[in-house]
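Quick notes on the structure that follows.
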Amino acid sequence: SACDSMLSPSGSFVWNTTGIYTDTLLNTNGCDSIVTIDLTINNSAFSVDTMMFCSSGNQFTNAGQLITSAGVYTDTLSSASGCDSIITTHAIADTTAPTLITQNITVYLDANGLATIAANQIDNGSFDNCGIDSISLDIATFSCVDTGNNIVQVTATDFSGNVSNS
């Protein structure tokens, strides 16, 4: 048996499937020898994976390796047939800021002339490839002096520390 392929004894052929093969060898005296080979080809596996790191301190196990930071990791595994399988993992740090989607709201003052808003009232489906850790507002409390239109800055931070403002 061989892994993936086998070069014939004469060097004239490369066999990459299981089967019965014949090869002719010449000795130094010019005499032919015919060899019959009952060949089993065992296949190796190769895989390339890309994993996203979504925060510092994030870790995952891939092919038996504990991966704790961005980089390229290679692991070789042997099968029962003796053929190696090679797994390459590209671990990539998240550098994509959240996508902020906001909406305008109308706020009414209470009997004391005050109103408070929360980020979830302004957020309208913001998202991030690794999830949003927090959404905050620069102004959350309003009084009589704030009547009319007010601009509120919304800040979203993902679990990797990437920030978007709106």
Side-chain angles (χ1 to χ4, degrees), residues 1-104 118-138 152-166:
S1 68
C3 296
D4 300 316
S5 66
M6 179 181 168
L7 180 64
S8 66
S10 68
S12 300
F13 307 101
V14 175
W15 300 313
N16 54 20
T17 57
T18 296
I20 297 175
Y21 297 95
T22 58
D23 193 16
T24 303
L25 304 171
L26 292 174
N27 68 16
T28 56
N29 297 327
C31 296
D32 291 346
S33 296
I34 298 176
V35 178
T36 301
I37 299 173
D38 185 357
L39 179 63
T40 301
I41 295 293
N42 298 308
N43 294 317
S44 299
F46 300 91
S47 114
V48 177
D49 300 322
T50 300
M51 308 297 279
M52 177 72 67
F53 267 97
C54 291
S55 64
S56 60
N58 189 10
Q59 64 185 23
F60 57 91
T61 302
N62 190 42
Q65 282 187 298
L66 180 63
I67 298 174
T68 58
S69 62
V72 177
Y73 299 85
T74 302
D75 196 13
T76 303
L77 308 172
S78 294
S79 68
S81 64
C83 296
D84 290 342
S85 296
I86 299 173
I87 299 169
T88 302
T89 302
H90 296 270
I92 300 170
D94 171 37
T95 58
T96 304
T99 299
L100 259 173
I101 302 172
T102 59
Q103 63 186 350
N104 292 328
N120 65 347
Q121 292 174 280
I122 295 177
D123 179 45
N124 194 26
S126 300
F127 61 92
D128 183 75
N129 59 331
C130 287
I132 294 178
D133 185 34
S134 65
I135 298 178
S136 61
L137 309 174
D138 68 336
V152 176
Q153 182 170 325
V154 181
T155 301
T157 305
D158 70 10
F159 288 104
S160 296
N162 300 307
V163 176
S164 284
N165 293 303
S166 173

Main-chain N/O of Ser10 paired with Asp23 side-chain donor or acceptor, under 3.5 Å
yes
Judged by atom type as modelled, is there a donor-acceptor pair below 3.5 Å linking the side chain of Thr18 to the main-chain atoms of Ile41?
yes
Return yes if a side-chain donor-acceptor contact under 3.5 Å exists between [X] and [Y], otherwise no.
{"X": "Ser134", "Y": "Ser136", "value": "no"}
{"X": "Asp84", "Y": "Ser44", "value": "no"}
{"X": "Asn165", "Y": "Thr155", "value": "yes"}
{"X": "Ser5", "Y": "Asn16", "value": "no"}

Determine the minimum heavy-atom distance between [X] and [Y], stating which atoms define it.
{"X": "Gln103", "Y": "Gln121", "result": "NE2-O, 3.0 Å"}
{"X": "Leu100", "Y": "Ser164", "result": "CD1-O, 3.4 Å"}
{"X": "Trp15", "Y": "Ser8", "result": "CH2-CB, 3.4 Å"}

Gap separating the [atom1] atom of [X] from the [atom2] atom of [Y], nearest 0.5 angstrom:
{"X": "Ser12", "Y": "Leu7", "atom1": "OG", "atom2": "CG", "result": "8.5 Å"}
{"X": "Thr95", "Y": "Asp158", "atom1": "OG1", "atom2": "CG", "result": "9.5 Å"}
{"X": "Leu39", "Y": "Thr17", "atom1": "CG", "atom2": "OG1", "result": "8.0 Å"}
{"X": "Leu26", "Y": "Cys31", "atom1": "CG", "atom2": "SG", "result": "9.0 Å"}

Quick one: are [X] and [Y] in side-chain contact, heavy atoms under 4.5 Å?
{"X": "Ile37", "Y": "Pro9", "result": "yes"}
{"X": "Ile34", "Y": "Thr24", "result": "yes"}
{"X": "Asp123", "Y": "Val154", "result": "no"}
{"X": "Val14", "Y": "Met6", "result": "no"}
{"X": "Ile122", "Y": "Leu137", "result": "yes"}
{"X": "Phe127", "Y": "Ile101", "result": "yes"}
{"X": "Thr88", "Y": "Ile86", "result": "yes"}

Around atom CG of Asn104, are there more than 12 heavy atoms from other residues, nucleotides or ligands closer than 6.0 Å?
no
Start with the C-alpha distance between Asp38 and Ile20, add both sets of side-chain angles, then the distance that settles side chain to side chain contact (heavy atoms under 4.5 Å, CB included), and finish with yes or no.
CA-CA 4 Å; Asp38 185 357; Ile20 297 175; 3.8 Å; yes
Out of Asp94, Asn129, Thr157, which residue meets the side-chain hydrogen bond (donor to acceptor under 3.5 Å, both in side chains) rule with Asn162?
Asp94
Verify side chain to side chain contact (heavy atoms under 4.5 Å, CB included) between Ile132 and Ser126, making sure each step is shown before the conclusion.
CA-CA 8 Å; Ile132 294 178; Ser126 300; 3.7 Å; yes
Chi angles and distances behind the side chain to side chain contact (heavy atoms under 4.5 Å, CB included) call for Val152, Asp138
CA-CA 6 Å; Val152 176; Asp138 68 336; 3.6 Å; yes
